[in-house]
Amino acid sequence: MQLAIDKTIMQDAREDAKAIAKAIKAFIDEKTTTSVERSILRLLGIDQATDFGVPLVNAVVDHIVEHGDLSRGVCHYMAHAVKKTDKSPKAIATLIASGKMHMKDFAKKAVPDYSVLTPYFLATEKIIQHQAKKRREHLHEYDVPEKYVIVATGNIYEDIKQALSAVEKGADIIAVIRTTGQSLLDYVPDGVTQEGFGGTYATQENFRLMREALDESTKTHGRYIKLVNYASGLCMPEIAVLGAIERLDMMLNDSLYGIIFRDINMQRTFIDQHFSRVIGAYSDIVINTGEDNYLTTTDAFDNAHTVIASQFINEQFASLAGMPSRLMGLGHAYEIDPAKPHSFLYEIANAQLSRQCFPNAPLKYMPPTKHMHGDIFNGIAQNTLFNIAAQLTGQNIHLLGMLTEAIHTPFVSDRALALNNAKHIETAMLALKDELTIKPGGMIEKRANDVLKDAKKLLESIREMGLFKALEKGTFADIARTQDGGKGLEGVFDKHPHYRNIPMERFMQALKAGESNE
Amino acid sequence: MQLAIDKTIMQDAREDAKAIAKAIKAFIDEKTTTSVERSILRLLGIDQATDFGVPLVNAVVDHIVEHGDLSRGVCHYMAHAVKKTDKSPKAIATLIASGKMHMKDFAKKAVPDYSVLTPYFLATEKIIQHQAKKRREHLHEYDVPEKYVIVATGNIYEDIKQALSAVEKGADIIAVIRTTGQSLLDYVPDGVTQEGFGGTYATQENFRLMREALDESTKTHGRYIKLVNYASGLCMPEIAVLGAIERLDMMLNDSLYGIIFRDINMQRTFIDQHFSRVIGAYSDIVINTGEDNYLTTTDAFDNAHTVIASQFINEQFASLAGMPSRLMGLGHAYEIDPAKPHSFLYEIANAQLSRQCFPNAPLKYMPPTKHMHGDIFNGIAQNTLFNIAAQLTGQNIHLLGMLTEAIHTPFVSDRALALNNAKHIETAMLALKDELTIKPGGMIEKRANDVLKDAKKLLESIREMGLFKALEKGTFADIARTQDGGKGLEGVFDKHPHYRNIPMERFMQALKAGESNE
Amino acid sequence: MNKKLLLPYGDTLDDGKVQLSFSLPCPCNPTGDAAAKATAEAMGLYDVHVVHSSALGEGFSFYVVYGMRKDPIDISTLEVRDVETQAMSKDEVEAFIAEKFDRPLVFIGASTGSDAHTVGIDAIMNMKGIHGHYGLERYKGIQAINLGSQVDNETLLEKAKEHRADVILVSQTVTQKDIHIRNLTAFVELLEAEGERDNFIIVVGGARISHALAKELGFDAGFGPKKYAFDVASFAVNALFDKMRHQE
Amino acid sequence: MNKKLLLPYGDTLDDGKVQLSFSLPCPCNPTGDAAAKATAEAMGLYDVHVVHSSALGEGFSFYVVYGMRKDPIDISTLEVRDVETQAMSKDEVEAFIAEKFDRPLVFIGASTGSDAHTVGIDAIMNMKGIHGHYGLERYKGIQAINLGSQVDNETLLEKAKEHRADVILVSQTVTQKDIHIRNLTAFVELLEAEGERDNFIIVVGGARISHALAKELGFDAGFGPKKYAFDVASFAVNALFDKMRHQE
Ligand code: B12
Ligand code: B12
Ligand SMILES: Cc1ncc(COP(=O)(O)O)c(C=O)c1O
Ligand SMILES: Cc1ncc(COP(=O)(O)O)c(C=O)c1O
């Protein structure tokens with residue numbers, strides 16, 4: 001089932017997106033953020049929190065911001081401190097947090113000998129490499145959509161029970177949804193948590209607990225179960241580090257989501273995103289982007305092209321971070337109003353267009369949510385159509401729709417019913433996409449080309465005005481944000497001429513060296 | 001969406017079926033039955049029952065069997081009686097029922113002047129023509145499957161409420177299911193009824209009440225609502241008469257169903273069926289055949305060809321009764337085990353094969369029933385696939401599946417959910433079948449041709465041994481019946497050389513005259 | 001026994017979450033919603049949400065409702081009425097018969113009354129069985145006679161006597177307006193009236209039949225969905241063996 | 001008022017048929033089935049059928065159940081708490097404002113707390129509205145200020161004072177673990193603590209919000225699904241008019 005799509009327009013769209021991403025990259029290359037610096041500290045092995053619950057990495061960065069000059073970057077300070085004290089970065093951080101040591105004096109010092117940090121970075125890199133290797137050993141290729149379900153009880157122990165039940169029912173991927181407030185927190189909570197709203201806190205310990213449980217069930221079921229969380233919000237790159245260390249397999253990671261739906265400052269999150277994607281690329285973690293959300297907010301038919309445009313941009317952002325296509329889980333969604341005649345045809349057009357624009361990307365396909373209502377019986381029918389569309393267009397990361405989408409975060413049975421439905425469709429229709437040809441020049445093909453054309457036009461105009469301006473005009477999801485508005489701008493710093501982000505350099509080098517193994 | 005189907009095999013299959021039907025026709029032409037004779041009496045205007053609930057038509061026929069010789073046919077007796085008494089057939093019947101008149105003496109009399117009956121036949125024919133005209137005025141062509149739902153409360157008044165609710169929810173066709181014991185009753189109960197099991201008694205008054213209610217709602221909704229009941233069981237042709245008089249629009253009518261699933265004697269019901277189809281053809285009533293039932297009883301994949309074979313036979317039986325294709329609602333069903341890989345592909349093959357073998361017949365497509373279980377949520381998903389198959393293959397009479405199929409006869413809400421589902425699919429996929437081409441030589445096309453080949457082989461062997469023998473061997477639904485076994489053989493009579501079935505002659509003549517308006 | 005309290009589970013232990021749906025014979029409006037809520041509350045649910053309501057034509061409306069149960073049930077007090085015999089495999093049943101009986105056992109079965117459903121009784125009795133479990137016909141030591149459907153109680157008893165059956169198998173599928181209860185009760189009464197009750201093990205099965213119901217109606221056992229020939233054979237041969245020992 | 005008794009309806013008046021589904025934190029086995037049945041019976045259902053049961057992994061099981069209610073509810077006794085104001089059309093609202101007030105009315109709204117859902121509040125406030133019903137921004141005589149999402153209670157009050165708002169519109173979509181109850185209660189308490197409660201008409205809306213709940217929490221009105229700008233405007237302008245007359 002292939003559509004005849006205009007290759008030239010596709011190529012042009014990609015070129016525009018590349019220019020858009022490069023312009024942003026040039027801007028953010030001059031800057032760093034508190035969260036980037038905290039991520040570097042985490043890569044130096046600094047974890048845990050003070051007795052008051054302040055993560056050590058926050059204590060250190062706050063200390064530098066207050067008493068020093070963050071524009072030089074934490075590597076500068078830590079290299080000096082390690083050299084001077086011969087203590088580990090974690091020990092140093094503990095001292096700083098308890099007020100027993102000061103970084104102030106290092107602020108004005110010359111460029112340090114960064115190599116003193118190498119052993120610490122190496123230690124974390126070993127862990128990450130070990131995790132990536134472990135994943136590769138377990139993973140085999142799926143040629144069917146992988147069944148992705150969420151758990152969101154607010155309590156990690158309850159989440160684990162729900163996840164294990166889902167695995168028994170056939171889930172391939174478990175995503176632990178975050179509590180509603182977390183993305184605006186400027187720190188990553190520490191330790192195990194048992195209360196959250198609409199989701200569970202993302203913490204290193206929660207990651208570890210869930211990973212352990214899933215590894216256990218991987219043994220029982222003989223198939224590797226993937227774990228997902230969110231490298232997004234104000235702590236985007238830090239969570240990317242935690243995900244790499246605790247072997248998450250996928251992370252929701254998309255600045256545009258944070259800007260539009262969380263009102264996070266765009267400069268801040270573009271900078272954060274770049275580093276988080278470098279970390280992801282190095283750790284072999286698939287990212288999931290959030291274009292689907294545009295369609296939950298605005299009309300899905302009228303705005304289909306915004307999804308494609310954004311996917312092109314996200315592809316280029318990822319690419320600039322050294323990420324191969326096989327890690328780009330670009331998002332889209334089945335959100336066309338079922339009351340609209342021919343909705344299924346239009347949806348097939350969209351989904352297949354995404355498929356053909358990004359043939360090597362593991363597309364993330366989201367289920368109907370907006371037009372789900374309290375009629376759970378109709379909900380099942382909508383999800384059935386969605387599952388069929390996923391099969392027919394060969395989607396990869398298949399987020400299962402829940403019959404109770406409009407009511408509550410999933411019950412254990414909701415998930416089981418969703419998994420049954422997906423298996424049912426898979427069994428019934430596995431070979432269908434190879435049996436069908438779509439009429440050349442028919443409604444579906446025409447719609448796909450129209451959407452692509454509109455996406456290209458949109459990209460062209462974004463390229464002209466720049467992405468910042470485009471976001472100020474409410475290009476995506478009809479929501480407008482300003483370059484200096486939103487949350488987290490205070491965490492953005494210009495880089496000092498001597499600024500170095502050592503782990504980013506190391507990762508990029510490694511990625512370049514390994515480029516051939518895309 | 002067309003499949004390349006081997007035309008020669010199709011033609012050969014049709015030829016075999018024609019020979020099979022003709023052989024049966026030759027056999028049954030020599031015979032009549034109590035129910036055929038009662039039907040003739042009904043066409044003479046004899047309705048209602050005695051104070052003891054014995055229908056007058058039964059009283060008369062039983063009287064003749066006991067005291068006369070039914071092989072001469074009721075026309076013989078009635079013509080003599082009318083001539084002699086100058087009373088109406090109904091008045092005569094009343095006298096006979098109360099023992100005030102005897103037919104005995106007419107048994108040995110010569111051929112009467114049948115023309116004395118003409119005014120009475122004419123009166124009924126007028127009613128039937130009037131009803132057919134009324135239907136034609138209202139009816140317009142649908143190019144989408146017509147949504148057919150059942151009501152089965154056991155109480156005609158409750159049935160009416162349920163039917164009206166269904167009409168508001170979008171039903172096009174209402175079928176009143178019969179109580180479980182009725183097909184084995186050798187009389188049609190009289191008057192309104194309020195208790196039945198798994199269905200409601202088929203009576204003239206119940207027909208009238210429902211027709212009236214639906215005509216009322218046709219006015220409100222501006223679309224003609226069709227009414228269905230069963231011309232089947234031991235009173236097959238009688239109910240056909242009642243349906244014609246009360247303007248039913250479709251009748252389940254298939255001897256094979258009665259033989260196999262009700263253990264009705266095959267001779268009896270083939271004879272009954274022929275007359276009932278002549279009546280139906282004359283009255284412009286669509287028949288529904290019961291091939292779907294083979295698949296509820298045996299494996300639907302392995303026995304797909306038995307459905308096609310039986311459809312060919314039913315087509316020929318109908319044709320011999322003067323029925324145009326537009327009245328042949330040949331039955332089939334979506335009953336493949338959803339646990340079987342590729343079930344949807346195989347189903348599309350079957351449904352499309354039926355479609356292409358009988359391009360002008362209003363196919364009756366039955367929903368999943370056998371693999372429906374108590375999991376009502378999965379039930380919705382199965383019904384969704386069925387509705388899609390109905391759309392894709394252009395079925396006409398679309399019996400909606402109920403999520404509670406495995407549990408109870410439909411609740412008012414079950415029907416509403418089913419109608420919502422069907423509308424949902426219709427809206428989403430209306431144009432899909434025109435957008436898709438099926439891979440030449442692919443799994444679907446191959447399967448369709450395989451099924452046709454097997455059907456042709458089966459027809460060939462039935463032609464060789466004759467249909468009676470084939471039924472004795474359990475050809476359909478794995479259920480074997482003998483030529484002289486089953487219920488109702490005592491109601492079969494050889495025709496006297498002078499036997500005449502006047503209304504059948506009149507109807508066939510009218511049908512021949514009007515043949516061009518197929 | 002220790003108390004074992006159990007509440008429905010949504011996503012947190014003891015949250016008591018339950019989903020309901022039903023229609024009401026009233027129009028779909030705020031009063032209807034309130035009536036739906038009140039109905040759910042009358043069922044002991046709290047925090048009730050009517051998450052969906054829609055009109056079903058004039059005078060009827062449909063509701064989907066979620067709510068929470070507070071009062072757990074104590075499963076230690078439940079009488080779980082399931083056939084007690086440990087199920088044996090086909091081979092084990094055959095060995096059991098060979099060992100304990102010196103003759104083949106006769107099982108006679110039918111779908112009775114106006115019930116025309118044979119797939120269930122066939123699944124139990126015929127050679128091929130169902131879902132990979134052979135039917136009784138294939139069991140060594142068992143003679144299986146399947147009378148098919150629409151067999152009235154009198155005929156069934158007559159044939160059972162004629163074939164000197166050990167076990168009578170009754171299948172009932174149609175249950176609307178409790179027609180099966182009437183029909184099954186009539187069968188037991190018939191056996192008792194004719195003094196034949198003790199001469200047979202009588203077993204009933206069908207999609208809506210439970211062991212509890214069967215016992216209540218005076219049958220020796222009842223089998224519902226997911227029960228196969230080996231289940232009923234295991235029960236019956238044990239029951240016959242017990243009876244034999246008892247009579248000795 | 002006369003009693004008006006109502007029972008659920010399956011296919012016959014007063015048959016009381018209800019469908020349930022729920023999970024239990026126990027394995028799927030005959031005891032589980034019995035527990036499901038007992039749970040339904042504890043809800044006042046009789047003739048209970050567990051029509052489906054399946055395992056949800058270790059230690060959990062899922063049930064679909066049908067049963068019948070015997071005790072009707074009396075709908076004449078129900079307190080149907082819906083906003084009492086007769087809804088006016090946009091034109092009517094505009095005319096009402098023009099006639100009764102000599103200044104534009106200020107409506108300020110936000111999705112509060114950590115709630116990031118704006119589609120609901122936008123549907124009420126923004127020009128384009130939803131489902132063909134324009135939002136308040138388009139109403140002559142109304143000045144609509146939409147603060148968007150994730151607005152904390154303090155900021156909302158501050159902005160309301162700053163703009164001399166007449167009406168405060170709060171939207172709450174996330175309700176898990178009753179986070180909306182906490183948040184809405186805190187807002188009312190804040191208003192009261194600052195002596196500002198009487199200076200505003202306060203209205204809450206959202207998918208899981210009902211008028212009854214809103215009143216309980218101390219709001220003037222609550223609006224759930226299928227409510228539009230004209231509904232809330234009708235209520236608010238009437239309430240403001242009443243208040244004005246009252247103060248005169
Ligand atoms: C197939 C079928 C038919 C076929 C039957 C063909 C045949 N040769 O049997 C046909 C098409 C003829 C038919 C007709 C009708 N049917 Co029907 N039919 C069904 C259907 C789709 C499947 C039943 C089935 O075969 N199940 C598979 C078997 C293997 O399961 P089972 O019977 O439960 O058997 C298992 C166990 O229960 C147990 N078991 C069963 N019997 C016995 C006996 C013993 C002794 C033991 C130990 C165990 C045992 O072992 C089996 C294996 O595990 C059901 C719907 C459904 N999905 O359940 C409706 C259904 C049973 N039919 C129904 C009805 C109403 C009818 C009609 C009366 C409709 C009408 N008015 O025309 C007619 C007439 C039949 C009649 N008078 O009885 C209703 C019954 C409603 C109710 N609860 O009362 C159902 C539920 C559909 C519905 N929702 O309306 N039907
Ligand atoms: C769109 C959507 C989103 C979008 C929101 C985009 C945006 N700009 O608003 C995005 C993708 C960002 C999103 C994110 C999340 N969402 Co969300 N989302 C939805 C979804 C699909 C639709 C909601 C919607 O827009 N409905 C359409 C509007 C028009 O309806 P409405 O809000 O009910 O509004 C009407 C009335 O209620 C009323 N009304 C509403 N507000 C007001 C105010 C006043 C004053 C008045 C008078 C009337 C009124 O008028 C409106 C018109 O009739 C629902 C599922 C669903 N189908 O309902 C989940 C849903 C609401 N989300 C949910 C969750 C949990 C989240 C997250 C917290 C998940 C997570 N952990 O990441 C996140 C984070 C957001 C947060 N912190 O709040 C849950 C909430 C569960 C619960 N009951 O607690 C839902 C139900 C999905 C689910 N089953 O899990 N979501
Ligand atoms: C890309 C992306 N990131 C993040 C989120 C939400 O997470 P949070 O708001 O907790 O960061 C979503 C939610 O759907 C998303 O799609
Ligand atoms: C063709 C046909 N006739 C008749 C019936 C059943 O009706 P009865 O047994 O009451 O004649 C069916 C049932 O599905 C059928 O398919």
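A quick note: this is a predicted structure, and the numbers were derived from the prediction, not measured. Throughout, protein chains are lettered first and strands after them, A, B, ... in sequence-line order, and every chain is numbered starting at 1.
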Please round to the nearest 0.5 Å and tell me the distance separating atom CD1 of A:I376 and atom CD1 of B:I376. 7.5 Å

Quick one: does B:T437's side chain get under 4.5 Å of A:I438's, heavy atoms only? no

Heavy-atom contact with chain A under 4.5 Å, split by part of B:I336: neither

When rounded to the nearest 0.5 angstrom, what is the spacing between NE2 in B:H342 and CG in A:L430? 6.0 Å

Counting N and O atoms only, with roles assigned by atom type, does the side chain of B:E435 sit under 3.5 Å from a partner on the main chain of A:L345, one being a donor and the other an acceptor? no

Gap between atom CE of A:M429 and atom CG of B:L385 - 0.5 Å precision: 4.5 Å

Could you grab the distance from atom CZ of A:F377 to atom CG of B:D414, nearest 0.5 Å is fine? 8.5 Å

Contact class of A:N383 relative to chain B, heavy atoms under 4.5 angstrom: neither

Heavy-atom proximity to chain A below 4.5 Å, by part of B:D375: side chain

For A:K340, is it the side chain, the backbone, both or neither that has a heavy atom under 4.5 Å from a heavy atom of chain B? backbone

Residue part contacting chain B, namely of A:L417, when any heavy atom lies under 4.5 Å: side chain

Please classify the contact between B:E347 and chain A as side chain, backbone, both or neither, with a heavy-atom cut-off of under 4.5 Å. neither

With a 4.5 Å cut-off on heavy-atom pairs, point out which of A:A381, A:A339, A:P341 contacts chain B the most. A:A381

From CA spacing to verdict: side chain to side chain contact (heavy atoms under 4.5 Å, CB included), B:I380, A:T384: CA-CA 9 Å; B:I380 298 235; A:T384 306; 5.8 Å; no

Mind checking the CE-CG spacing from A:M1 to B:L436? Nearest 0.5 Å is all I need. 7.5 Å

Please classify the contact of A:I348 with chain B as side chain, backbone, both or neither, using a heavy-atom distance under 4.5 Å. neither

Residue pair A:L432, B:I444: steps toward the side chain to side chain contact (heavy atoms under 4.5 Å, CB included) verdict: CA-CA 9 Å; A:L432 190 58; B:I444 297 176; 4.1 Å; yes

Hey, could you give me the CZ/NE2 distance between B:F344 and A:H424, rounded to the nearest 0.5 Å? 10.0 Å

